[in-house]
Structure formats: structure tokens, C-alpha cells
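Take a look at the structure set out below.
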Amino acid sequence: MRPARPLPAGPRPGCQNKTLPMKLLHFTDIHLTTPGQTIADRDPNANFDRALAHAMEAQSDAEALFITGDLSDWGEEDDYRRLKVRIGKLPMPVHLAIGNHDDRATFLRVFPELAGEGGFVHYTAPLSLGHAVVLDTWGPETHAGHFCAARAAWLDRTLAALPGPVWLFLHHNPVPVGIGPIDEIMLLDAERFATTLAPHAGRIAHIFHGHCHLPLAGSLLGIPFSAPRGTNHQGWPDFGAERLLSGSDLPEAYGVVLASPRSTMVHMVEYGYQGEIRSEGSPDYAAWDKLTMIR
Ligand SMILES: [Fe+2]
Ligand SMILES: [Fe+2]
């Protein structure tokens, strides 16, 4: 992929630098697998490396990277070991959640430091503007998400102790997406999850999830949530599907989060896009911009 051309020097009329103070990266559904194997004709290990390289070049000022589950396609220890090596080379903290394709016990053999209360992979992480809370929605022998009473009690106590704002990260979608085969394996304890969040809703800035391999945005109790597509294989919103999930050849993607104490902005960066990127002021842009954008 060709890098974007630089913008013309000097300020542009009508444009101001409104850079927000906290930048986070959100990767999801990396589905690492045995080297050489592919998923949907794509190499998840290579795509994870490409996503990291792209993000480190374009977003190296991010203060943390969150990966919301389906870290390994088959929950295999070798995948977690390779993941640990890769993220250990990054210049920022990396916070991991587990998904239905993961195996909690195997994951914790490689990442024992992430074992939280009750043996769940849930924990808090300080951010420059508040805190992140990473949740564990894994359940054995199912692709659906779980949020039991023990996890709810921990989250309630954790949120009560944090001043806010809080950015929440989990794997499973906590709200139905309206696509049958996905909603069969959504967070099944969604009601308990919502009830747990309710008393703290005013201090939760945003919920980030994955699992669906679709770009999603919505709200739960007035709390906004979003999910980017995964870093490897992609879904398609087939609203008529009854039993089977749909896939597509859409580009690989990850999320970039720009936040202030009062706002959270989420981008989905389609790093796998193979087409042109035309910077304003370049000959390509002039040729492409038939209608002229006037500001
Ligand atoms: Fe996934
Ligand atoms: Fe998943």
C-alpha cells in the first residue's frame, strides 16, 4: 500500500488543530493460528503483524493498545506465546481480553499476570484520562458470552471504586445486532451486564467490543459502544441469516480512539485497503476531485 502524500505546508483556511489528548488503539479478533495456516484465505499471523506495523507507523503516539479477544483461533498455547513475543516489542502497554475462540486456562499459562479475582481475566488499567476496565466474557465449550454473578460483583465493586471516566473493553456484543446467528452467541447474560452498569453509567465513557467481525456502533443505557472489523477475516451484515454467518472480502481493520475528558471519538482504520489514498493538493487528488471541494 502506498503511503499518503503529505499535506501542503502551512495552515489551511477553516482547519484548526483539534487534536484530542488521549489516543488508544483497539484491535479485535486477531485469531492467531499455526504459522502457514489461513482463515478465509487470509493469514492471521501476517495480518496481525501488518496491523501492528501500520499502527506503529501511523499511530505511534497511542498510549495503549487493547485487543478484545479471539486472540487465538483454537486457544493454543503456541499462539499465546507468539502473541506475547510480538506485543513485548511494542512501545506501549498492551491489554488483552479473551474471546470465545480462546481458552482461558491455556491463556493464563502464558499470561499468568492477567489472572484476576476468581481466576477471571478481568482487570483495570490506568489511562492518562481515567481508567480502562477489561472484562472476561468467556465460557467453556460455547461460543456465546457469559457474565456470571461473580464477574458482575467484581465489576460493580471495581466501577464503584473508580472516579471515572472509564472505558470498558470486552469481547462479546452486549446488545443484539439483529443478525440471528451472531445474536445466538452474543453476551447471553446481557441483562445482568446492563443491570451491573446502570448505577455507574454516568462515569462510563465508552464500551468497546469485538466478536462480530463487523463495524458496529450503538448505545446501552445511553453508554455508547463500538466495534471495528477484525484484523483478519470479515463478516457481512446479512439480516436475513437464520443459521449461518456470512463472510466478505472487506479490508482488514483496527480502531483508533481519540478521547478527551468529555468526549470519545472512534475511527476504524482499514489498514488492509489496497486502493489509492489521494492527499489534497496532489495531482492525483486534483484529477479525482472532479466536483471540487470548497471550504
Ligand atoms: Fe472472532
Ligand atoms: Fe468471537
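Each ligand, and each atom within it, is numbered from 1 in the order the structure gives.
- Using a distance-only test at 3.5 Å, with no hydrogens or angles considered, no donor-acceptor pair links the side chain of Y273 to the main chain of A253.
- The existence of a salt bridge linking D79 and R82 is confirmed by a sub-4.0 Å separation between a basic side-chain nitrogen and an acidic carboxylate oxygen.
- Around the Fe ion (ligand 2), the protein atoms of type N, O or S found under 2.8 Å away are D70 OD2, N100 OD1, H171 NE2, H211 ND1, listed by chain and number.
- The environment of CD in E77 is crowded: more than 12 heavy-atom neighbours from other residues, nucleotides or ligands sit within 6.0 Å.
- Using modelled atom types and a 3.5 Å distance limit, the side chains of T264 and H206 yield no donor-acceptor pair.
- Here E141 does not pair with R104 in a salt bridge; the nearest charged N to carboxylate O distance is not below 4.0 Å.
- By the 4.5 Å side-chain criterion applied to Ile, Leu, Val, Met, Phe, Trp and Tyr, W74 is assigned to no cluster and stands alone.
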